[in-house]
Protein chains: 2
Amino acid sequence: MSSQLKPGTSNACNITALSLACEVNDVLRDISPRWKMQVLHKVASGTKQFSTLKHAFPSLSDQILGKRLSELVNDKLVDKIILKEKAPKSIHYMITDKGLELLKIIDDLHKWGLKYLSA
Amino acid sequence: MSSQLKPGTSNACNITALSLACEVNDVLRDISPRWKMQVLHKVASGTKQFSTLKHAFPSLSDQILGKRLSELVNDKLVDKIILKEKAPKSIHYMITDKGLELLKIIDDLHKWGLKYLSA
DNA sequence: AGGTTTGCTCACTTTCGGGTGAGTTATTGA
DNA sequence: TCAATAACTCACCCGAAAGTGAGCAAACCT
């Protein structure tokens with residue numbers, strides 16, 4: 001019983017799978033949602049509040065921004081600092097060490113992408 | 001006319017978007033399809049044929065494998081070498097320099113993922 | 001003559017993620 | 001008193017991605 005697998009989860013983690021498999025699947029899955037890494041980058045560069053993030057990405061809706069931020073908090077890529085609980089709330093987001101290390105790699109990915117744009 | 005945007009394409013490439021935006025979106029989109037990076041890794045480690053790749057990932061279907069391989073070829077991450085055109089065909093896949101450089105970054109991502117598995 | 005192998009493609013269904021509209025809380029300022 | 005503000009959440013829809021079933025070409029082996 002309970003070899004139930006959430007659909008979409010990496011299920012190739014068997015004997016024949018090599019070292020790179022399994023976790024890389026999951027990491028890619030975690031970082032690829034639209035806007036997520038851009039929001040992380042913005043938070044890292046000092047944009048701490050919901051409303052200022054909102055203005056930074058005019059074509060990103062409140063709903064998706066909220067979703068991405070809660071994902072980032074869940075992933076421990078950013079910390080949520082509650083300065084004032086009751087409305088109008090005051091909340092700051094701050095990038096964690098884990099998030100910073102990820103951003104470095106994302107930046108490499110970005111550079112790689114730029115390098116091969118012409119090719 | 002033709003400021004038409006393919007849905008799902010990065011549309012945040014406006015004045016307010018910062019350097020990291022735009023292209024990173026597209027790179028992530030390109031590398032995140034399920035199995036794609038694992039297949040790339042396998043090809044890089046010397047598994048060159050459709051049938052052997054198939055055996056390497058028992059839970060990956062022929063159809064998806066075919067799709068991923070054609071994507072990888074389109075992205076110029078692997079080259080398709082046709083040794084024998086007519087059935088039973090003989091075709092080899094070989095990783096490109098572009099693909100190898102990407103794999104290095106994917107490997108960093110993998111290490112990052114492993115580092116924070118416990119946390 | 002018929003089964004096997006190699007490397008796929010097409011059509012279809014199901015599942016998932018992005019995006020939208022509306023609603024909420026409670027305080028401050030006009 | 002009423003609008004505005006900050007930071008969300010919920011319910012829904014729709015298009016795209018994932019996965020499934022079937023079929024195909026042509027040579028080789030029995």
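If you're wondering where the values come from, they're calculated on a predicted model, not measured in any experiment. Here is how names work: the chains are called A, B, and so on, in the same order as the sequence lines, proteins then strands, and each is numbered from 1. Basis for what follows: all heavy atoms, side chains included, without hydrogens, waters or symmetry-related copies.
- Rounding to whole angstrom units, NE2 of residue B:H55 and C1' of C:dT5 are separated by 11 Å.
- Cluster membership check: B:W35 shares its hydrophobic cluster with B:V73, using side-chain heavy-atom separations under 4.5 Å among Ile, Leu, Val, Met, Phe, Trp and Tyr.
- Taking side-chain N and O atoms only, A:R34 has a distance below 4.0 Å to OP1 or OP2 of C:dG19.
- Applying the side chain to side chain donor-acceptor pair (under 3.5 Å) rule to A:K89 yields no partners; only residues at least two apart in sequence or on another chain are considered.
- Residue B:W35 places none of its side-chain N or O atoms closer than 4.0 Å to OP1 or OP2 of D:dA18.
- Remark: A:E71 engages A:R68 in a side chain to side chain donor-acceptor pair (under 3.5 Å) (not counting sequence neighbours).
- Under a 4.0 Å N-O distance rule, the pair A:K36/A:D75 qualifies as a salt bridge.
- Summarising the geometry, the separation between CG on B:L28 and P on C:dG17 is reported as 16 Å, rounded to the nearest angstrom.
- Under the 3.5 Å distance criterion, the side-chain polar atoms of B:N74 are matched with a main-chain donor or acceptor of B:S70.
- The residue A:S51 sits close only to the backbone: its heavy atoms come under 4.0 Å of sugar-phosphate atoms, none of a base.
- Rounded to an integer number of Å, the gap from CD of A:E71 to P of D:dT9 is 12 Å.
- Rounding to whole angstrom units, CG of residue A:L72 and C1' of D:dC8 are separated by 15 Å.
- The end-to-end axis angle of the helix from C:dA1-D:dT30 to C:dA30-D:dT1, rounded to 10 degrees and based on five pairs per end, is 10°.
- Scanning atom types as modelled, one donor and one acceptor separated by under 3.5 angstrom connect the side chain of A:Q63 and the base of C:dG21.
- Residues from residues 82-95 of chain A with heavy atoms under 4.0 angstrom of DNA chain D, sorted by number: A:A87, A:P88, A:K89, A:S90, A:I91, A:Y93.
- By the rule that hydrophobic residues join a cluster once side-chain heavy atoms approach within less than 4.5 Å of another member, B:L100 and B:V27 end up as members of one cluster.
- If you take NZ of A:K67 and P of C:dG19, they are 9 Å apart, rounded to a whole angstrom.
- A straight line from CG of B:L65 to C1' of D:dA18 spans 14 Å, rounded to a whole angstrom.
- Applying the side chain to side chain contact (heavy atoms under 4.5 Å, CB included) test to A:S32 and every residue at least two apart in sequence or in another chain returns B:S32.
- In this structure, the NZ atom of A:K54 is 8 Å from the C1' atom of D:dA7, given to the nearest Å.
- Counting non-hydrogen atoms under 4.0 angstrom, B:K80 reaches the backbone sugars and phosphates but no base.
- We find that CZ of A:F57 is positioned 16 Å from C1' of C:dG18, with the value rounded to whole Å.
- Remark: A:D62 engages A:K54 in a side chain to side chain donor-acceptor pair (under 3.5 Å) (not counting sequence neighbours).
- By the 4.5 Å heavy-atom criterion applied to side chains, A:K48 and A:V43 are not counted as neighbours.
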